[in-house]
Amino acid sequence: MDRRPTEPPLFTFGVIADIQYADIDDGYNYTRTNRRYYRTSLQLLKKAQKSWSESEPKPDFVLQLGDVIDGLNVARGASDRALDKVLAELSSGPGPVHHVWGNHELYNFSRSALMLSRLNSKVLADQSPTGTPARSDIYAYQFCPVPGFRFVIMDSYDVGLLGREESSEQYQEAKTLIQRYNKNQDLNCPPGSSLIGHSEDQGRFTMFNGGFSPDQLDWLDSVLSSADGNQEKVTLVSHLPVHPYTTDSVCLAWNFEELLAIIRSHSSVVCYMAGHVHDGAYHQDESTRVHHLTMDGVIETPPHSAAFCTVSVYSDRMVLKGSGRVMDRVFLF
């Protein structure tokens, strides 16, 4: 950990991922290797909120990295009720919440419904002349907490099957893409085996993943070009990881290579944060020195523990103070 003398941070923020709340008894993941604590995930969110509210300084905002409620709510007709409970808790915190959409948001609601919901936090976007918006049907935006620092919320299901009408052109194009690599009848079943670090594997082409459209990538490229020119430090935030060394390849974004290529072409990016995997991971890219963080998921965290962090940002580093399963880390710029 950092040993330098204490100095006040420029700003602080909280991070939490994969709460996946449902008012049901505990269960297991699809491979039955990890326990899932559906009901008590709300208690762990409350633990995070209490910590943030009592900290000094308090976080200026919170990044919620997606999968805020579980898809199992759908069959019970409990999606709205579950979301109300989680958002009520999130709204009790010290600052605004920037929401990322994951696969479970799209199990519960269509994209059009999410755009009209309280999970659309685009109202927090940068409204300055340099805050150029993404296309209106893409859930991506940027904001600057203080001069010199920029955050970009990315839509990793902009290309995908989830939340789309089956008759739509976007759905059919995504289906054609996924079936090019996945020949299974059940498209949630990965095509072949996958090992950490094997980027050539096609296991990521499943229905529970998605990708970034050319329009979104072009928009990101323009945002980063502006940030380069202004010598800003940019953190990208999404649900799906994009670096092969921060996840099993089954959980990578479909076109992660394209996003990595954009990151490598810009000097402004310092960090990429994601959820989705439930087991935390970290890697610093050797060529770009960008820090890639995959957050531990609340849903697979035992009730006696915790899974969140508070990040203090300085001119030359981010200092992550983890709680429970989340490790302390220092990201030097």
Side-chain angles (χ1 to χ4, degrees), residues 65-66 100-103 106 111 132-135 137-142 150-164 169-182 190-191 194 196-228 234-277 281 283-294:
L65 301 185
V100 172
W101 294 353
N103 48 309
L106 294 161
R111 287 183 64 91
T132 306
R135 204 178 67 203
D137 62 326
I138 299 173
Y139 183 63
Y141 65 92
Q142 57 179 309
R150 187 175 297 271
F151 286 70
V152 183
I153 305 297
M154 299 291 294
D155 184 351
S156 53
Y157 292 88
D158 178 20
V159 175
L161 300 176
L162 300 179
R164 302 274 189 194
E169 182 179 351
Q170 295 98 325
Y171 183 95
Q172 294 303 321
E173 289 177 350
K175 188 175 181 180
T176 298
L177 173 61
I178 191 175
Q179 288 182 331
R180 186 183 307 161
Y181 304 100
N182 191 337
S194 53
I196 291 178
H198 283 227
S199 61
E200 72 273 16
D201 189 89
Q202 306 302 329
R204 66 188 183 277
F205 287 98
T206 64
M207 193 169 179
F208 55 78
N209 293 330
F212 309 94
S213 69
D215 281 353
Q216 186 178 180
L217 294 176
D218 287 345
W219 170 77
L220 176 64
D221 189 50
S222 68
V223 169
L224 296 181
S225 292
S226 174
D228 293 344
V234 179
T235 295
L236 306 181
V237 185
S238 189
H239 186 65
L240 295 178
V242 297
H243 201 291
Y245 294 107
T246 59
T247 176
D248 185 299
S249 61
V250 166
C251 291
L252 280 165
W254 286 354
N255 57 336
F256 72 93
E257 302 104 326
E258 293 179 66
L259 187 52
L260 284 178
I262 290 177
I263 291 174
R264 290 175 181 136
S265 68
H266 293 281
S267 61
S268 52
V269 181
V270 296
C271 184
Y272 183 99
M273 293 187 176
H276 193 51
V277 183
H283 180 74
Q284 185 175 20
D285 187 272
E286 292 182 1
S287 62
T288 62
R289 311 308 295 165
V290 171
H291 302 275
H292 288 262
L293 177 72
T294 302

Legend entry - Residue pair Arg289 / Gln284: nearest heavy atoms and the distance that separates them: O-NE2, 3.0 Å
Inset, instruction - Find the distance between CD1 (Ile262) and CZ (Phe212) and round it off to the nearest 0.5 Å. - result: 9.5 Å
Inset, instruction - Write down the atom of Gly203, the atom of Pro190, and the distance for their closest heavy-atom approach. - result: O-CB, 3.7 Å
Legend entry - Closest non-hydrogen atom pair, Val242 against Leu260: O-CD1, 3.2 Å
Inset, instruction - Mind checking the CZ-CG spacing from Phe208 to Leu161? Nearest 0.5 Å is all I need. - result: 12.0 Å
Legend entry - Sequence neighbours excluded, every pair satisfying salt bridge (charged side-chain N to carboxylate O under 4.0 Å, His left out) that has a member inside residues 262-277: Arg264-Asp285
Legend entry - Pairwise distance OH(Tyr141) to CH2(Trp219) - rounded to 0.5 angstrom: 10.0 Å
Inset, instruction - Look up atom OH in Tyr157 and atom CG in Asn209, then write down how far apart they are to the nearest 0.5 Å. - result: 5.5 Å
Inset, instruction - Please work out whether the ring planes of Tyr245 and His243 are parallel, tilted or perpendicular, with thresholds of 30° and 60°. - result: tilted
Inset, instruction - Taking the side chain as every heavy atom from C-beta outward, state whether Thr132 and Val223 have any atom pair closer than 4.5 Å. - result: no
Inset, instruction - Check step by step if side-chain contact (heavy atoms from CB on, under 4.5 Å) holds for Ile153 and Val100. - result: CA-CA 7 Å; Ile153 305 297; Val100 172; 4.1 Å; yes
Inset, instruction - Would you please test His276 and His239 for side chain to side chain donor-acceptor pair (under 3.5 Å) and show each step? - result: CA-CA 6 Å; His276 193 51; His239 186 65; 3.0 Å; yes
Legend entry - Flag, side chain of Asn182 to backbone of Phe205, donor-acceptor distance under 3.5 Å: yes
Legend entry - Side-chain donor or acceptor of Asp158 paired with backbone N/O of Ser213 under 3.5 Å: yes
Legend entry - Residues Arg204, Asp248: salt bridge by 4.0 Å N-O rule: no
Legend entry - Verdict with reasoning, Thr247 to Thr294, per side chain to side chain donor-acceptor pair (under 3.5 Å): CA-CA 8 Å; Thr247 176; Thr294 302; over 6 Å; no
Legend entry - Thr246 vs Leu293 side-chain heavy atoms within contact, under 4.5 Å: no
Inset, instruction - Please assess Asn255 against Val159 for the test side-chain contact (heavy atoms from CB on, under 4.5 Å), listing each intermediate value before the final yes or no. - result: CA-CA 10 Å; Asn255 57 336; Val159 175; over 6 Å; no
Inset, instruction - Specify the closest pair of heavy atoms between Ser268 and Asp228, including all atoms of both residues, with the distance to one decimal. - result: OG-OD1, 2.7 Å
Legend entry - Interatomic spacing from CD in Glu258 to CG in Leu220 - rounded to 0.5 Å: 12.0 Å
Legend entry - Main-chain N/O of Val152 paired to Gln142 side chain as donor or acceptor, under 3.5 Å: no
Legend entry - Distance, nearest 0.5 Å, that separates CZ of Phe256 from OG of Ser238: 14.0 Å
Legend entry - Smallest separation among heavy atoms of Trp254 and Leu177, with atom names: CE3-CD2, 3.6 Å
Legend entry - Minimum heavy-atom distance Cys251-Leu240, with the two atoms named: O-CD2, 3.8 Å
Inset, instruction - Can you run down the salt bridge (charged side-chain N to carboxylate O under 4.0 Å, His left out) pairs that involve residues 208-221, sequence neighbours left out, and say none if there aren't any? - result: Arg135-Asp215
